[in-house]
**Student:** 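Shown below is the structure under consideration.
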Amino acid sequence: MAASGVHVRRLRALLLAFAAAAAAAAPLEPERGLIPYADGSLAYLARGPQHANVTVVLLHGARFTSAVWEETGTLQALGARGWRAVAVDLPGCGQSKQLAYIDDNAAAEVVAAVLDHAAGGGARAHGGVRVLVSPSLSGVLALRYIEHYGHALRGWVPVAPVGVAAWRGPGGAAAAGVSVLAVVGARDADAHRRSGALLVSTFHRARLVVLQGAGHAAYRDAPGPFNEALLEFVGSLADEEAAALMTQR
C-alpha cells in the first residue's frame, strides 16, 4: 500500500508539472465574450475547449473582476488540463452592466446562466462535471444557486465565502451530492475561517484547505498552492465521473 501511495503522489506531481508547463505555453490572450442575460450581458474570459466534459466557472470578490483569474494563472492551469474554464464579470463589475434589480432568485439565475453558457447550454439537463469557484462576496450568489440548483453541481470551491453563518443550508440532494473544497487563508479574519469549517460540517463530502501566509483573497496571496489544490480537486471529480461512466457500460 505504501509503494502504491508513493506512485500515486508521483503521478499527481507529474500531472501538476505538466499542467504548469502547458499553462506557460497557452495562448497569450484568453477568449473573451458576452453571455446574454436579462436586458444586458455578462462579460467573461475563458480558456480550454468548448463543450468539454469538465466545466469550471469562477466568480470573483467585490474588489476584483474576472481578470484576477488570469493574474493568478488559474484559468491557464485549468484550460491546460483540457477543461473549460470561464471567469465572469459579475453584474456591475468589469465589463458587465449592473442589473436593475436582483434578489435571491435573480442571484441564482445569474450563476445558472453562466454555468449553462460555459457548459454549452446543458449544465442542468446533461451529464459532465460542473464546478463553481466563489470567493468572498460572490459566495452569496453561490449559496442562492445551490439552494435552487444544487443537484446540477458536482463541485463547489468557496474561498472565505460571505453569508455562510446566516445560511439555512442546502437541501438534502445538494448536501449529499456536491463535493466541497473550502479554502481559507491562515491570516484571514476568524469569522471567514469559521465559515470554511462550517461548510465542511454541513456537506457530506467536504474538506478544508488552509493556505499558509494568505489573507482573505487567499487564491491571490498564494496562487501556486491554491491552483494545485483546485486542480487536484477538479481532477478527482473528473476521475469519479469517468469511473461512473465505465460502470454503466
Side-chain angles (χ1 to χ4, degrees), residues 26-52 54-76 78-79 83-126 130-150 152-153 155-164 166-167 192 216-220 223 226 230:
L28 293 179
E29 290 295 321
E31 174 190 331
R32 300 174 186 271
L34 296 172
I35 301 170
Y37 183 77
D39 58 350
S41 58
L42 302 170
Y44 71 87
L45 303 177
R47 289 188 183 269
Q50 296 184 13
H51 306 293
V54 175
T55 302
V56 183
V57 164
L58 302 105
L59 310 182
H60 61 78
R63 296 189 296 115
F64 302 104
T65 68
S66 60
V68 71
W69 297 114
E70 277 283 299
E71 297 168 7
T72 59
T74 307
L75 276 181
Q76 297 92 319
L78 291 166
W83 302 330
R84 182 66 170 172
V86 176
V88 65
D89 284 344
L90 293 173
C93 301
Q95 302 300 311
S96 296
K97 292 184 178 180
Q98 182 63 274
L99 297 178
Y101 173 78
I102 187 166
D103 58 8
D104 287 354
N105 289 333
E109 292 302 327
V110 166
V111 178
V114 178
L115 273 165
D116 282 357
H117 185 277
R124 283 183 251 168
H126 303 290
R130 310 286 182 255
V131 180
L132 180 65
V133 181
S134 61
S136 191
L137 192 60
S138 68
V140 175
L141 278 72
L143 295 175
R144 300 292 87 80
Y145 175 81
I146 290 171
E147 288 173 359
H148 288 73
Y149 303 117
L153 195 64
W156 180 31
V157 185
V159 185
V162 172
V164 173
W167 190 37
H192 292 134
H216 186 58
Y219 56 94
R220 194 166 182 259
F226 174 81
L230 178 62

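The figures here come from the full heavy-atom set of this structure, side chains too, leaving out hydrogens, waters and symmetry mates.
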**Student:** Search all heavy atoms of R47 against all heavy atoms of E29 and return the closest pair with its distance.
**Tutor:**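 Minimum heavy-atom separation between R47 and E29: NH2-C, 3.7 Å.
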**Student:** Please list, chain by chain and in numerical order, all residues satisfying side chain to side chain contact (heavy atoms under 4.5 Å, CB included) with N105, sequence neighbours excluded.
**Tutor:**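 N105 satisfies side chain to side chain contact (heavy atoms under 4.5 Å, CB included) with D103, H148 once adjacent residues are dropped.
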**Student:** When rounded to the nearest 0.5 angstrom, what is the spacing between OG1 in T55 and CG in L153?
**Tutor:**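 Going from the OG1 atom of T55 to the CG atom of L153 covers 11.0 Å.
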**Student:** Output, in order, the C-alpha distance, side-chain angles, deciding distance and verdict of side chain to side chain contact (heavy atoms under 4.5 Å, CB included) for V88 and Y37.
**Tutor:** CA-CA 12 Å; V88 65; Y37 183 77; over 6 Å; no
**Student:** What are the two closest heavy atoms between T74 and T72, and how far apart are they?
**Tutor:**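 Where T74 meets T72 most closely, the heavy atoms are OG1-OG1, 2.7 Å.
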**Student:** Using modelled atom types and a 3.5 Å cut-off, is there a donor and acceptor pairing between side-chain atoms of H60 and backbone atoms of L90?
**Tutor:**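 Such a contact is found between H60 side chain and L90 backbone.
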**Student:** For the residue pair H216 and H192, categorise the inter-ring angle as parallel (less than 30°), tilted (30 to 60°) or perpendicular (more than 60°).
**Tutor:**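 Geometry flag for H192 against H216: tilted rings.
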**Student:** Do you know which two heavy atoms are closest between S138 and P135, and how far apart they sit?
**Tutor:**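 Looking at all heavy atoms of both residues, the shortest contact is OG-O, 2.6 Å.
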**Student:** Within a strict 4.5 Å, meaning less than it, do heavy atoms of the P91 and L42 side chains meet?
**Tutor:**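 Touching, per the 4.5 Å side-chain cut-off.
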**Student:** Which pair of heavy atoms, one from A119 and one from H51, lies closest together, and at what distance?
**Tutor:**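 Scanning both residues, the minimum pair turns out to be O-ND1, 4.4 Å.
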**Student:** Any chance you could lay out the side chain to side chain contact (heavy atoms under 4.5 Å, CB included) test for L115 and Y145, step after step, and finish with the verdict?
**Tutor:** CA-CA 10 Å; L115 273 165; Y145 175 81; 3.4 Å; yes
**Student:** Just to verify, what does A46 make a side chain to side chain contact (heavy atoms under 4.5 Å, CB included) with, not counting sequence neighbours?
**Tutor:**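 So A46 forms a side chain to side chain contact (heavy atoms under 4.5 Å, CB included) with E31, Y44, R84, V86.
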**Student:** Closest approach of V162 and L143, non-hydrogen atoms and distance?
**Tutor:**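 Minimum heavy-atom contact is O-CD1, 3.9 Å.
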**Student:** After noting the C-alpha distance and the side-chain angles of L58 and V68, does the key distance pass the side chain to side chain contact (heavy atoms under 4.5 Å, CB included) rule?
**Tutor:** CA-CA 10 Å; L58 302 105; V68 71; over 6 Å; no
**Student:** Using side-chain heavy atoms (C-beta onward) and a distance below 4.5 Å, is W167 in contact with R144?
**Tutor:**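 Contact flag for W167/R144 side chains = yes.
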**Student:** Which distance, rounded to the nearest 0.5 Å, do you find between the OG of S134 and the CD1 of I146?
**Tutor:**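 Between atom OG of S134 and atom CD1 of I146 there are 7.0 Å.
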**Student:** Would you please indicate if the ring centroids of Y219 and W69 are separated by under 6.0 Å?
**Tutor:**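 Yes; W69 has its ring centre under 6.0 Å from that of Y219.
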**Student:** For a 4.5 angstrom cut-off between non-hydrogen side-chain atoms, does L99 reach V110?
**Tutor:**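 Yes; the side chains approach each other to less than 4.5 Å.
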**Student:** Begin with the C-alpha distance, continue with both residues' side-chain angles, and end with the deciding distance and a verdict on side chain to side chain contact (heavy atoms under 4.5 Å, CB included) for R220 and F64.
**Tutor:** CA-CA 11 Å; R220 194 166 182 259; F64 302 104; 3.6 Å; yes
**Student:** What's the shortest heavy-atom distance between A43 and S96, and which atoms?
**Tutor:**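 Smallest heavy-atom distance, with atoms named: N-OG, 2.8 Å.
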**Student:** Rounded to the nearest 0.5 Å, what's the gap from CG on D116 to CD on E109? Could you check?
**Tutor:**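 So the gap between those two atoms works out to 9.0 Å.
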**Student:** Could you give the distance from CG (D89) to CG (L59), rounded to the nearest 0.5 Å?
**Tutor:**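 Here the rounded value is 11.0 Å.
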